[in-house]
There are 2 protein chains.
Amino acid sequence: MNKLIETLKENDCKVTLQRIAIYETLKDTKTHPNAETIYKQLSPKYPTISLATVYKSLELFVSLGLIQAINVEENSFRYDGNSKPHPHLICSNCKKVEDLDEHPFSDLGQQVEALSGYQIEKQQLNFYGYCPDCIQKS
Amino acid sequence: MNKLIETLKENDCKVTLQRIAIYETLKDTKTHPNAETIYKQLSPKYPTISLATVYKSLELFVSLGLIQAINVEENSFRYDGNSKPHPHLICSNCKKVEDLDEHPFSDLGQQVEALSGYQIEKQQLNFYGYCPDCIQKS
DNA sequence: ATCCGTGCAAATTATTTGCATATGG
DNA sequence: CCATATGCAAATAATTTGCACGGAT
């Protein structure tokens with residue numbers, strides 16, 4: 001939370017109730033919600049918040065490097081309160097998106113730079129398959 | 001092209017001019033176009049083709065494993081005539097999407113399976129940065 | 001007091017769907 | 001023939017935008 005407030009101030013952005021609530025919602029979950037889901041979660045507590053504000057705030061947070069947007073094979077973006085790049089696991093059955101925290105892939109970007117001549121700024125590693133829960137149930 | 005015709009027949013789908021043209025357009029390019037772009041490219045030659053048909057055909061090809069859909073940080077899907085998984089390089093400046101053909105990442109899926117307990121079916125490796133051309137120009 | 005952020009509604013963009021017609025096997 | 005595919009238009013879904021008002025600094 002301090003991180004948010006600090007970063008907003010450093011960038012001459014106002015610290016508003018809405019921004020705090022949206023950021024907090026995202027930090028409190030590991031479900032990688034999309035904008036609509038965050039909005040619905042906030043609505044009961046903040047009935048006047050608007051979906052447009054959710055979109056605008058998320059976009060701001062992404063641009064400030066506070067969170068990351070992730071593209072899984074869905075029609076909407078999902079958001080991750082952890083801005084550090086890390087692989088995501090997507091269950092094709094239950095559609096959950098999990099983080100893979102312990103992973104040996106941190107130097108992939110450098111390998112790709114050497115192979116391609118690109119200057120890599122960001123990587124997105126998505127692994128689609130079936131989660132242990134869904135495997136067991138089937 | 002034979003691959004397309006064979007696969008369509010094996011799956012009791014009709015071999016139509018539209019499907020051939022759409023598949024061919026995708027196979028002939030390395031630009032990873034989206035549906036709209038494919039449609040515009042076909043329009044001069046096939047003025048009656050419809051965007052809906054392009055969408056439907058692409059969806060069919062993906063489900064038959066003939067091509068792959070890729071999500072880069074854009075609002076539309078792009079398509080790749082090569083259905084084998086391979087990393088993509090996305091230039092944040094000129095927005096081009098390239099394949100990384102020679103890469104040592106083919107066993108990443110197995111590593112992820114071991115780490116996570118997921119059964120991995122598909123992986124998507126996207127590297128965002130600046131391409132050699134754009135680096136030179138800047 | 002000033003300017004930025006919010007909320008609302010309308011606009012835009014991508015994609016999907018329903019259905020009548022056309023066409024491949 | 002007959003089922004499937006096409007083309008059109010309308011519907012849906014996600015996101016963005018414009019603008020007047022309100023609130024933070």
Side-chain angles (χ1 to χ4, degrees), chain A residues 4-25 32-64 66-67 69-79 95, chain B residues 1 4-25 32-64 66-67 69-79 95 97:
Chain A
L4 170 71
I5 296 173
E6 263 174 45
T7 309
L8 288 175
K9 287 186 175 169
E10 277 168 17
N11 290 277
D12 299 310
C13 297
K14 290 185 179 163
V15 179
T16 65
L17 179 67
Q18 289 87 335
R19 287 175 179 172
I20 292 170
I22 293 163
Y23 185 75
E24 199 165 40
T25 303
H32 308 84
N34 60 18
E36 183 81 33
T37 304
I38 293 172
Y39 170 69
K40 282 185 187 155
Q41 215 162 318
L42 289 170
S43 286
K45 207 166 168 185
Y46 305 95
T48 64
I49 206 167
S50 85
L51 184 54
T53 299
V54 175
Y55 274 106
K56 285 170 188 167
S57 300
L58 290 170
E59 188 193 12
L60 176 68
F61 299 164
V62 169
S63 74
L64 296 177
L66 285 163
I67 66 171
I70 59 188
N71 292 196
V72 296
E73 295 191 328
E74 270 173 19
N75 32 16
S76 62
F77 280 92
R78 284 173 171 244
Y79 295 87
K95 311 295 176 195
Chain B
M1 195 51 49
L4 171 70
I5 296 175
E6 262 175 46
T7 308
L8 288 175
K9 287 186 177 171
E10 277 168 16
N11 290 277
D12 299 310
C13 296
K14 291 184 179 167
V15 178
T16 64
L17 179 67
Q18 289 87 336
R19 288 176 177 171
I20 292 172
I22 293 163
Y23 185 76
E24 198 164 41
T25 302
H32 307 85
N34 60 17
E36 183 82 32
T37 304
I38 293 172
Y39 170 69
K40 282 185 186 154
Q41 215 161 320
L42 289 170
S43 286
K45 209 168 168 184
Y46 305 95
T48 64
I49 206 167
S50 86
L51 184 53
T53 298
V54 174
Y55 274 105
K56 286 169 189 168
S57 301
L58 290 170
E59 188 193 11
L60 176 69
F61 299 164
V62 168
S63 73
L64 297 177
L66 286 162
I67 66 171
I70 59 187
N71 295 201
V72 296
E73 296 190 328
E74 272 174 19
N75 32 15
S76 62
F77 280 93
R78 285 174 171 242
Y79 295 87
K95 310 297 176 195
V97 178

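Proteins come first, then strands; the chains are lettered A, B, ... in the order of their sequence lines, and each starts at number 1.
The side chain of B:N75 sits closest to C:dA14 out of D:dA9, C:dA14, C:dG5. Listed candidates were C:dT15, C:dG25, D:dG7. Nearest to the side chain of B:V15 is C:dG25. The side chain of A:K14 has D:dG23 as its nearest neighbour among C:dT17, D:dA14, D:dG23. The side chain of B:K56 lies closest to C:dT17 when the candidates are C:dT17, C:dG5, C:dC8. Side-chain proximity of A:R19 to C:dG5, C:dG7, D:dC8: nearest is C:dG5. With C:dT15, D:dG7, D:dT6 as the choices, the nucleotide that has an atom nearest any side-chain atom of B:F77 turns out to be C:dT15. Proximity note for A:Q18 (side chain, C-beta onward) versus C:dG7, D:dT6, C:dT17: the nearest is C:dG7.
Rounded to an integer number of Å, the gap from OH of A:Y79 to C1' of D:dA14 is 10 Å. Nucleotide D:dT15 holds its P atom 10 Å from the CG atom of A:N71, rounded to whole Å. Between the CG atom of A:L17 and the P atom of D:dG22 there is a distance of 17 Å, given to the nearest Å. If you measure from atom CZ of B:F61 to atom P of D:dA5, you get 11 Å, rounded to the nearest angstrom. Protein atom OH of B:Y55 is 18 Å distant from nucleotide atom P of D:dT12, rounded to whole Å. In this entry the distance linking CG of B:L51 with C1' of C:dG18 reads 16 Å, nearest Å. Rounded to an integer number of Å, the gap from OH of A:Y39 to P of D:dT15 is 15 Å. What separates CD of A:E74 from C1' of D:dT15 is a distance of 15 Å, to the nearest Å.
Side-chain nitrogen and oxygen atoms of A:T16 include at least one within less than 4.0 Å of the OP1 or OP2 phosphate oxygen of C:dT6. Side-chain nitrogen and oxygen atoms of B:T53 include at least one within less than 4.0 Å of the OP1 or OP2 phosphate oxygen of D:dG7. When the side-chain nitrogen and oxygen atoms of B:S50 are compared with OP1 and OP2 of D:dC8, none of them lie within a distance under 4.0 Å.
Between the OG1 atom of B:T53 and the CG atom of B:L60 there is a distance of 12.0 Å, given to the nearest 0.5 Å. The structure places CD1 of B:I20 at 11.5 Å from OG1 of B:T25, a figure rounded to the nearest 0.5 Å. Distance CG/A:N71 to OG/A:S76: 10.0 Å, rounded to 0.5 Å.
Summarising the local packing, CD of B:E59 is surrounded by 12 or fewer heavy atoms from other residues, nucleotides or ligands at distances under 6.0 Å.
A donor-acceptor pair is defined here as one N or O able to donate and one able to accept, closer than 3.5 Å; no such pair exists between the side chain of A:R78 and the backbone of A:V72.
Nucleotides of DNA chain D nearest to B:D12 and A:N34 differ in position, and the one nearer the 5' end is that of B:D12. Annotation: of the two residues near DNA chain C, B:A35 and B:C13, the 5′-most nearest-nucleotide partner is B:A35. Of the residues near DNA chain C, A:A52 and B:S76, the one whose nearest nucleotide (by heavy atom distance) lies more toward the 5' end is A:A52.
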Worked check of side-chain contact (heavy atoms from CB on, under 4.5 Å) between A:F77 and A:L58
CA-CA 10 Å; A:F77 280 92; A:L58 290 170; over 6 Å; no
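Scanning atom types as modelled, no donor and acceptor separated by under 3.5 angstrom connect the side chain of B:K9 and the base of C:dG25.
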